[in-house]
> 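Supplied in structure tokens, the structure appears directly below.
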Amino acid sequence: MSARPGKQAIFEQFAADGITHMFGNPGTVEQGFLDALEEAPGMEYVLALQETVALGIADGYARASGGPALVQLHVGVGLGNGIGMLYQAMRGHSPLVVVAGDAGVRYDAMDAQMAADLVAMARPVTKYATRVTHPDSLLRVLRRAVKTAMTPPRGPVFVGLPMDVLDADTAEPAVPSTVPSRSVLPVPAELERAAEALRGAERPVVLMGDGVAVSGAQEELVRIAELLGAPVWGVDSSELNMDTTHPLYRGQLGHMFGSVSGAAVREADAVLIVGTYVFPEVFPMLDSPFRPDARIVHIDLDAYEIGKNFPVDVALVADPRPTLAALAGRLASQSAGRPSDEAPGEYCPVQPQPRADGPLIELFAAELARQAPEDLVVFDEALTASGGLTRQLPPRRPGSYFATRGGSLGVGIPGAIGAKLARPGAEVVGFTGDGGSMYTIQALWTAARHNVAARFVICNNRRYGLLDNNIDQYWRERGIPPHAYPGGFDLSRPEIDFPRLAGALDVPGLRVDKPAQVESAVARMLAAPGPFLIDLDTA
């Protein structure tokens, strides 16, 4: 390999790894490699107007494509802008490769303008963070970053790219990164211990999370639940880990209050935890919510999360798909417990019809279900309106549903843009709230600039409705009489005109505040040749 500038070589490396998009916001210390990008074949720079938006689009792209997704930030100030969304990606195990420039290694001692310890800033919100300091290790470090991001448990990584390192020549070859397989099974004795812990359970419960979707273990999870006759709860479950119309599916445990999770497992004599950690609430229970005699089996590729907060009886650091399949074989060969009355694949979900005078979110979702093609992909940041949305559009197919995770607001619009870029042939609709949308509303400009024909529905109740629900709980727990909500929860003064705001960013939109408007609004949205926004009254 002949020597060439590092700023050129990095795009050869990205091409070797099949990376075709860079999501970012430009900066001076990155200008050298952004200039080189213009000559890089097959690489598209997706311009965002703020770093949070770039990361949100990349997160949606990684989730819909399987990753990795490449993000460019601008030195410490840009990294600082993106920290909240990086936290979201870390909690959700999104395989992002995040790069940022700096003035150069030669200036390290100067403490100059915009100088910062980028690695120290990134480390708490990434799986791995480093900085290249020599041109002859540039591509090696990038390959290590891709490998680390893509190896389960996946997650975002950060690489600092000093300008002087990129300007220097390197003769390193660009070759595909090595991503090791972790499709591992426990040894037979450990599988038998797990089967024994679950056999004969009278009140089994299954807790599932996004490790199921990453492994592609949805069918195997359903098989286990049916063999056990066990209800299944989603825990930190933001993707399609189980057909939500299955009679054993019970819903999500939520992320705020540990008492909700405690109620779900309190009577269980056997608990199977797959692909998640327990429990991810903001206010978790400090004492174990499990029965003292409950037998607990935890299967995940993330060893750190197994037994992190509460002890388990059988801890299997293994790939959920082959492990659940092997476990099902053992359980099926003997009496496992109380098998479900429903044989695999024989249940017939009945879709509830919304009342004509019902909530607009349900009328809208039902009409979208009627008009949309089968390949519909939903990105759900509807929050307080999400229940009505998923009642009428229940997630059923793997890869068809992505929900917010990690606690950061503003993922709905950029997430839908990223999902549409990853799957240009699919119909993608992102749902968000009026409050959440305003964190990243400038993402609409990116959709218009790149003609990304994603659809956006803003569930507009003119307030931070989730905070209303949470403070209600706070008052109940402390015996505080209900009273007027804090004024800071109100978004009605002045009222935000979302169609006009979208129009200013070259995205057409309309407001829907009456049931009679729903059918034509959905039809117009789906027929639009580019991005389109609906301001849906959910007050």
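All values derive from a computational prediction rather than experimental measurement.
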> Could you report the tightest heavy-atom contact between Val314 and Ala197, atom names first, then the distance?
CG2-CB, 4.4 Å
> Would you say CG of Asp506 has more than 12 non-hydrogen atoms from neighbouring residues, nucleotides or ligands within 6.0 angstrom?
no
> Is it true that Glu239 and Arg405 make a salt bridge, defined as a side-chain N closer than 4.0 Å to a carboxylate O?
yes
> Are any non-hydrogen side-chain atoms of Gln31 and Thr28 less than 4.5 angstrom apart?
yes
> Give the C-alpha distance, both sets of side-chain angles, the deciding distance and a yes or no for side chain to side chain contact (heavy atoms under 4.5 Å, CB included) between Val205 and Trp233.
CA-CA 8 Å; Val205 168; Trp233 291 94; 4.0 Å; yes
> Passes side chain to side chain donor-acceptor pair (under 3.5 Å), Glu51 versus His74? Steps please.
CA-CA 8 Å; Glu51 289 84 358; His74 174 46; over 6 Å; no
> Is a donor from one side chain sitting under 3.5 angstrom from an acceptor on the other, for Thr20 and Glu44?
no
> Side chains of Arg63 and Ser238: is there a donor and an acceptor less than 3.5 Å apart?
yes
> Which atom pair, heavy atoms only, marks the closest approach of Ala443 to Ile413?
CB-CG2, 3.8 Å
> Answer yes or no: is there a donor N or O on one side and an acceptor on the other, between the side chain of Asp210 and the main chain of Gly275, under 3.5 Å?
no
> Where do Asn241 and Ala213 come nearest, in terms of heavy atoms and distance?
OD1-N, 2.9 Å
> Search all heavy atoms of Thr276 against all heavy atoms of His298 and return the closest pair with its distance.
O-NE2, 2.8 Å
> Do Val378 and Leu389 make a side-chain contact, defined as non-hydrogen atoms from C-beta onward lying under 4.5 Å apart?
yes
> Ignoring hydrogens and angles, state whether a donor on the side chain of Asp380 or Tyr401 is under 3.5 Å from an acceptor on the partner side chain.
yes
> Distance only, no hydrogens: is a donor on one side chain within 3.5 Å (strictly under) of an acceptor on the other, for Asp17 and Gln13?
yes
> Taking the six-membered ring for Trp, are Tyr61 and Phe23 ring centroids under 6.0 Å apart?
yes
> Contact between Asn451 and Pro531 at the side-chain level, heavy atoms closer than 4.5 Å - yes or no?
yes
> Does His450 reach the main-chain N or O of Val452 with its side chain, forming a donor-acceptor pair under 3.5 Å?
no
> Once you round to the nearest 0.5 Å, how far does CG of Leu198 lie from CG of Leu227?
10.5 Å
> Determine whether a donor-acceptor pair (N or O, by modelled atom type, separation under 3.5 Å) exists between the side chain of Gln50 and the backbone of Thr52.
yes
> What is the distance from atom CD of Gln252 to atom CG of Asp236, rounded to the nearest 0.5 Å?
9.0 Å
> Quick one: pull up OG in Ser408 and CE in Met85 and give me the separation to the nearest 0.5 Å.
6.0 Å
> Decide yes or no on side chain to side chain contact (heavy atoms under 4.5 Å, CB included) for Leu142 and Phe14, but give the supporting numbers first.
CA-CA 8 Å; Leu142 290 176; Phe14 296 144; 4.2 Å; yes
> What's the separation between atom CD in Glu381 and atom OH in Tyr439, rounded to the nearest 0.5 Å?
9.5 Å
> Regarding Glu190 and Arg193, does a basic nitrogen lie under 4.0 Å from an acidic carboxylate oxygen?
yes
> Can you check whether Met163's main-chain N or O pairs, donor with acceptor, with Lys7's side chain at less than 3.5 Å?
no
> Less than 3.5 Å apart, any donor N or O on the side chain of Gln72 or Tyr45 sitting next to an acceptor on the other?
yes
> Can you check whether Leu221 reaches Val206 side chain to side chain, under 4.5 Å on heavy atoms?
yes
> Would you find a donor on one side and an acceptor on the other, under 3.5 Å apart, between the side chain of Thr446 and the backbone of Leu47?
yes
> Check for a donor-acceptor pair, side chain of Asp164 on one end and backbone N or O of Val105 on the other, with a separation under 3.5 Å.
yes
> Are Arg131 and Asp102 ion-paired here, with the side-chain N under 4.0 Å from a carboxylate O?
yes
> Go through Val71 and Val97 one step at a time and tell me if the side chain to side chain contact (heavy atoms under 4.5 Å, CB included) criterion holds.
CA-CA 6 Å; Val71 186; Val97 176; over 6 Å; no
> Just verifying a value: how many Å separate Leu191 CG and Leu316 CG, rounded to the nearest 0.5 Å?
6.5 Å
> Treating Thr432 as the side-chain partner and Ile458 as the backbone partner, does any N or O pair qualify as donor plus acceptor under 3.5 Å?
no
> Just by modelled atom types, is the Thr148 backbone N or O under 3.5 Å from a matching donor or acceptor in the Lys127 side chain?
yes
> Report yes if some heavy atom in the side chain of Lys147 is under 4.5 Å from a heavy atom in the side chain of Arg143; otherwise report no.
no
> Show the nearest heavy-atom pair for residues Leu79 and Met121, with the distance to one decimal.
CD2-CB, 3.7 Å
> When Leu207 is tested against each of Leu253, Leu272, Ile296 for side chain to side chain contact (heavy atoms under 4.5 Å, CB included), which residue passes?
Leu253
> What I want to find out is whether Glu305 reaches Lys308 closely enough, with some N-O distance under 4.0 Å, to be called a salt bridge.
yes
> Checking side chain to side chain contact (heavy atoms under 4.5 Å, CB included) for the pair Glu427/Leu526: CA distance, chi angles, key distance, verdict?
CA-CA 8 Å; Glu427 189 69 68; Leu526 295 177; 3.7 Å; yes
> Hydrogens and angles aside, do Ser137 and Arg140 bring a side-chain donor and acceptor to less than 3.5 Å of each other?
yes
> Would you say the side chain of Asp169 lies within less than 4.5 Å of the side chain of Pro135, judging by non-hydrogen atoms?
no
> Please name the pair of heavy atoms, one in Asn25 and one in Leu49, separated by the smallest distance, quoted to 0.1 Å.
ND2-C, 3.7 Å
> So how far is it from Leu240 CG to Arg396 CZ, rounded to the nearest 0.5 Å?
9.5 Å
> What I want to find out is whether Glu12 reaches Arg4 closely enough, with some N-O distance under 4.0 Å, to be called a salt bridge.
yes
> Using a 4.5 Å cut-off on heavy atoms from C-beta on, say whether the side chain of Thr244 contacts that of Thr390.
no
> Is a side-chain donor or acceptor of Ser94 paired with a backbone partner of Leu96 at a separation under 3.5 angstrom?
no
> Less than 4.5 Å apart, any side-chain heavy atom of Val46 and any of Met22?
no
> Between the side chain of Arg455 and the main-chain N/O of Gly430, is any donor-acceptor distance below 3.5 Å?
no
